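Data first, discussion second: the structure below is written as structure tokens.
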Amino acid sequence: MTVYPKQYDVIVVGAGHAGCEAALAASRMGCETLIATINLDTIAKMSCNPAIGGLAKGHLVKEIDALGGEMAKNIDKTGIQFRQLNTKKGPAVRSSRAQADKEAYQHEMRRVLEKQARLDIEPVLVEELLTENGRCIGILSHTDTAFLGKTVVLTTGTFLKGLVHVGEVTYSAGRAGESSAEKLSESFLKLGFEISRLKTGTPPRVKKDTVNFDVMAIQPGDEPPRPFSFSTEKISQAQMPCHLTYTNEKTHQIIRDNIKSSAMYSGRIVGIGPRYCPSIEDKVVRFSDKDRHQIFVEPEGRNTDEIYLNGISASLPEAVQVEMVHSIKGLENAQILRFAYAVEYDFAPATQIYANLETKRVENLFFAGQLNGTTGYEEAAAQGLMSGINAALKVRGQEPLILDRSQAYIGVLIDDLVTRDIREPYRMFTSRAEYRLALREDNADLRLTEIGRRIGLVDDSTYNQFQQKKLLIQEELERINQTVLNPTLRTLDELKQCGIDGLDKPTSLADLLKRPAMSYEGIKQLSPPIRPLPTAVEKQVEIQIKYDGYIRRQTLQIERFKKLEHLPIPDEIDYGSIHGIKTEAREKLAKIHPASIGQASRIPGVSPADISILMVRIKEFQRSQTAKIA
């Protein structure tokens, strides 16, 4: 075995979306960092959907940006279409989504990595974890070279014993055309980790000039496009349209006639697939009452003819895929450039890690991304950022950064993973966040930028811009709350033009803005601010005032939540000795080892009665410890 001459503070294995964020965070926090990846040409590759964001996922991207991550900045530079979803609903569930130029996104992220100080990139296939006295001390490559580091972050994606399935054909690959990591899973097992299998899939890609877009519904981007990053002033590049078509009864019959040749339905795939992003075979079987399913026809970039058929991921034989695609309106003559496939891979159930993403079994070893059972670039990047931050804090000898459920969607994501023993690909939804009115996309910077600044990820320019925004919001809130309109004839006439009838007493601008018919634009007409304000400031003022009552109620809920989160459970508690708690609850508490009463209360199978008994036991334990000290 050869030992690489340079020793690192943080070694990141994998250069997907999780690995990129982890490596950038650690190096920007002052750590000598190595990112080890099988192929330098696939850094930040979009293996599936060439897009960033979406429902709830957009929240994650905004939070990554607020903390000092890179994903939002990268999509702002390389996006080809920007849209905000759920615009007719309340601000809590509005989410941003951007179509990416797939190759440009990869190349830009690689450029950022290569220019980052204290960050080395090496083409390494990792085959073993190196440990000593229960601590991870590095990695061993396929060329028998040891890279030593104080901490190791694993972001292996779908590459652990990856198997690609196309109909009856199966071969080893992390994704089509790329080799899998065959030996690293064995290293996990030797260290005592539990390993299981998951499955995901991707749809066919077709050639652009063989698609009849004229018979499809066009989907343009928003004008003007809204940036993802809080530090991006505007999107200057031109947008490209997407299109919408549908499957039909003929499509469904083709699938039903060939269902036994699908890898999903032939029994060859044992891994569990994503519940909320099913294959087209699953859709046809599980939703047999539906006579059609949406297909979003999306360009993969400005300089490619590849079109992504979002909505028909499959593991059917290639000949069946051709027949299926040709049955769809607008795709009758489409030439398939890349066939759909399913990929099955190893993952490590996330109850084996703490909330800082460090493993319970091996110190200084962190897991992030699909290795923890998630699906999606955004979920992976969020975990990558937090694992990189916490690996760097571990090197510094500082306390870990753990965001709770009331602070961020990132906190919801990680808490769900480490608490709920999830055994299927996890995807973020707004419904998972019980405090979603407080965790909006628009206020991610107000919630998290100070934290990013404190740990060293938010630079001076970004922080100064943030402080100025915060000041403008506060000043305008004060002005609107303090400015009072009297019911003069002129005022009543101006209000009528804004859709407001009647004003029988002096009323503040804030109270007027709370009325459903009134917008901030109307307030500006009645009483303009001293100087023009940025759109982001205006929107923040409008949301904070219009939803003030709801936000106050949510704040009280968060205060009650934090009381339970601040009730720690001593590490020494022996759950097996606590009488009165159900057997299932005892087993799950012992397995997950919750850090607080709040976390314990969220474990499936642990009842309020179990929590009451646990709290009594903790008080008894604390009294006994006090008596020993006395």
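Reckoned from all heavy atoms, side chains included, excluding hydrogens, waters and symmetry mates. Just so we're clear, the structure is a prediction, and the values are computed from it rather than from any experiment.
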State, with a plain yes or no, whether a side-chain heavy atom of [X] is found less than 4.5 Å away from one of [Y].
X    : Y    : result
I137 : T131 : no
P594 : L589 : yes
R197 : E344 : yes
L55  : F429 : no
D144 : T2   : no
T37  : V124 : no
L85  : V93  : no
R447 : Q407 : no

Is the side chain of [X] donor-acceptor paired with the backbone N or O of [Y] at a distance under 3.5 Å, no angle test?
X    : Y    : result
N443 : A438 : yes
Y377 : C48  : yes
E63  : I410 : yes
R453 : V458 : yes
R432 : L413 : no
Q352 : P349 : yes
R396 : M29  : yes
D76  : F228 : yes
D9   : E32  : yes
S596 : Q599 : yes

Ring centroids only, cut at 6.0 angstrom: are F367 and F188 within range, meaning strictly under it?
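Ring centres of F188 and F367 closer than 6.0 Å.
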So, [X] and [Y], do they make that salt bridge, N to O below 4.0 Å?
X    : Y    : answer
E108 : K73  : no
E559 : K562 : no
K57  : E379 : yes
E300 : K102 : yes
E363 : K394 : yes
E565 : R560 : no
K588 : D421 : no
E128 : K190 : no

Given the options L60, V61, L24, M71 meets side chain to side chain contact (heavy atoms under 4.5 Å, CB included) only with V61
Looking at L401, L357, N356, which hits side chain to side chain contact (heavy atoms under 4.5 Å, CB included) with I389?
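For I389, the side chain to side chain contact (heavy atoms under 4.5 Å, CB included) test succeeds with only one of L401, L357, N356, which is L401.
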I need the single residue from H107, Q106, E114 that forms a side chain to side chain donor-acceptor pair (under 3.5 Å) with R110. Which is it?
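Only match with R110 under side chain to side chain donor-acceptor pair (under 3.5 Å): E114.
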Aromatic rings H17 and Y105: how do their planes relate, parallel, tilted or perpendicular, breaks at 30° and 60°?
tilted
Minimum heavy-atom distance M1-A146, with the two atoms named:
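What the structure gives for the nearest pair is SD-CB, 3.7 Å.
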In short, V126 meets A36 closest at the heavy-atom pair CG2-CB, 4.4 Å
Under 3.5 Å side-chain donor-acceptor pair for K62 and S96:
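No, S96 and K62 have no side-chain donor paired with an acceptor closer than 3.5 Å.
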For D442 and Q540, does a side-chain donor sit closer than 3.5 Å to a side-chain acceptor?
yes
Might you confirm whether atom CD of Q7 has over 12 heavy atoms from other residues, nucleotides or ligands at distances under 6.0 Å?
yes
Would you check, one step at a time, whether the test salt bridge (charged side-chain N to carboxylate O under 4.0 Å, His left out) holds for E424 with K199?
CA-CA 9 Å; E424 62 183 63; K199 167 261 175 189; over 6 Å; no
Can you name the salt bridge (Lys or Arg N to Asp or Glu O under 4.0 Å) partners of E122, sequence neighbours left out?
none
Quick one, E434 with R405, criterion salt bridge (charged side-chain N to carboxylate O under 4.0 Å, His left out). Give me CA distance, side-chain angles, the key distance, then yes/no.
CA-CA 8 Å; E434 57 269 51; R405 300 180 72 90; 2.9 Å; yes
Evaluate side chain to side chain donor-acceptor pair (under 3.5 Å) for T462 paired with D459, printing each intermediate quantity in order.
CA-CA 6 Å; T462 302; D459 61 33; 2.8 Å; yes
